[in-house]
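Notes to accompany the following structure.
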Amino acid sequence: MSALISLFSCALIFMAVCFGVFQVKRWGKYWPVAYVLVAIALVLPLNNWLLIEFVRGFFSDLSITTMFLVVCYLFNVVRPNKFKVQISFKVAVLLLGLFMFPMTLGATQFDPFALGYSYNQAYPYLVATCSIFGLLFWFLGQTQLALVLALALIANGLKLYESENLWSYIIDPIAVIICTSSFIINGLKKLFNLQKSVESKNV
């Protein structure tokens, strides 16, 4: 079961990468062709392995956060700008990434990643904290954050991934990269539009 879910998540991110590279948003009504082509590519045999298995070996298991971001992107390819990821969601991912990964990589003697294992004494407190934050986000109207936290807790409880660490379900480096790239791209677009408006006024 965990292998199937992992393969499915990797298929989604591979599809998202292909759609971004080939600018499928500009295909108009021909966007279903892209889905078919990527689906065929994923099951192509390479040295007795399927391409999707190579993708899984590269990306490993994806967090619920990454899957949410990828699904949002793919949905917007079909229905442009119909579903936007909340800015607060992206900010939360970046802040959590800045908190988690430097310390996990040895920046300090404290490793927060170890708290995510069920045998750790602090694990129940981590689950309780995530649950409280999920409820808080819900009441504050941050439904995307609340939804992702809830799904991560449920997936971890059901052991849907090979990893037994709760953090693996909540966040991974790919989610941080996606959110960072989104802020950079949006910032460059605003800068470009500002420069364009200034040039038009000077004409």
* Asked: Would a distance-only check, ignoring hydrogens and angles, find a side-chain to backbone donor-acceptor pair under 3.5 Å from Tyr169 to Ser163?
  -> yes
* Asked: Between Phe113 and Tyr117, what is the ring plane arrangement, given parallel below 30°, perpendicular above 60°, and tilted in between?
  -> perpendicular
* Do side-chain atoms of Thr129 reach the backbone of Tyr125 as a donor and acceptor pair under 3.5 angstrom? -> yes
* Asked: Who else is in the cluster with Ile40 when I, L, V, M, F, W and Y are joined by side-chain contacts under 4.5 Å?
  -> Val36
* Flag if over 12 foreign heavy atoms under 6.0 Å of CZ, Phe110 -> yes
* To do: Please indicate whether Glu164 has more than 12 foreign heavy atoms, meaning atoms of other residues, nucleotides or ligands, lying under 6.0 Å from its CD.
  => no
* Asked: Just how far is it from atom CG of Asp61 to atom OG of Ser168, taken to the nearest 0.5 Å?
  -> 7.5 Å
* **Smallest separation among heavy atoms of Ala175 and Thr65, with atom names** => CB-CG2, 3.8 Å
* Asked: How are the rings of Phe19 and Tyr35 set relative to one another: parallel (under 30°), tilted (30 to 60°) or perpendicular (over 60°)?
  -> perpendicular
* To do: Calculate, to the nearest 0.5 Å, the distance between atoms CG and OG belonging to Leu149 and Ser131 respectively.
  => 8.5 Å
* Only one of Phe68, Phe183, Phe137 clears ring-ring contact (aromatic ring centres under 6.0 Å, His included) with Phe89; which? -> Phe68
* Structure fact -> For Ala152 and Ile170, the nearest pair of non-hydrogen atoms, with its separation, is CB-CG1, 3.8 Å
* Asked: Would you say Ile177 and Leu62 are hydrophobically clustered, going by side-chain heavy atoms of ILVMFWY under 4.5 Å?
  -> no
* Structure fact -> Rounding to 0.5 Å, atoms CD1 (Ile64) and OG (Ser9) come to a distance of 8.5 Å
* **Nearest atoms (heavy-atom pairs only) where Ser63 meets Asp172** => N-OD2, 2.7 Å
* To do: Evaluate whether atom CD1 of Ile87 has more than 12 neighbouring non-hydrogen atoms of other residues, nucleotides or ligands under 6.0 angstrom away.
  => no
* For the atom pair NZ (Lys90) and CD (Gln144), what is the distance rounded to the nearest 0.5 Å? -> 9.5 Å
* Asked: Where do Leu145 and Ser88 come nearest, in terms of heavy atoms and distance?
  -> CD1-O, 4.1 Å
* **CG on Leu135 to SG on Cys130, rounded to 0.5 Å** => 11.5 Å
* Transitively linked via ILVMFWY side-chain contacts under 4.5 Å: Leu95 with Phe99? -> yes
* **Straight-line distance of Gln121 CD to Leu126 CG, nearest 0.5 Å** => 14.0 Å
* Asked: If you group Ile, Leu, Val, Met, Phe, Trp and Tyr by side-chain heavy-atom gaps below 4.5 Å, do Leu153 and Leu160 land in one group?
  -> yes
* Is Val127 linked to Ile132 within one hydrophobic cluster, defined over Ile, Leu, Val, Met, Phe, Trp and Tyr using a side-chain heavy-atom separation of less than 4.5 Å? -> no
* Just wondering, do Gln86 and Thr143 contact through their side chains at under 4.5 Å, heavy atoms? -> yes
* Can you list the steps and then say if Leu96 with Trp167 is a side-chain contact (heavy atoms from CB on, under 4.5 Å)? -> CA-CA 11 Å; Leu96 184 58; Trp167 288 118; 3.9 Å; yes
* To do: Could you tell me whether a side-chain N or O of Asn120 sits under 3.5 Å from a main-chain N or O of Ala114, the two making a donor and an acceptor?
  => yes
* Structure fact -> Taking every heavy atom of Leu12 against every heavy atom of Met67, the minimum-distance pair comes out as CD1-CE, 4.3 Å
* Heavy-atom pair with the smallest gap, counting every atom of Val70 and Ala16 -> CG1-CB, 3.8 Å
* Asked: When hydrophobic residues are tied together by side-chain contacts of less than 4.5 Å, even through go-betweens, does Val21 share a cluster with Ile174?
  -> yes
* Asked: Around Gln23, counting heavy atoms of other residues, nucleotides and ligands shown, do more than 12 lie under 6.0 Å from its CD?
  -> yes
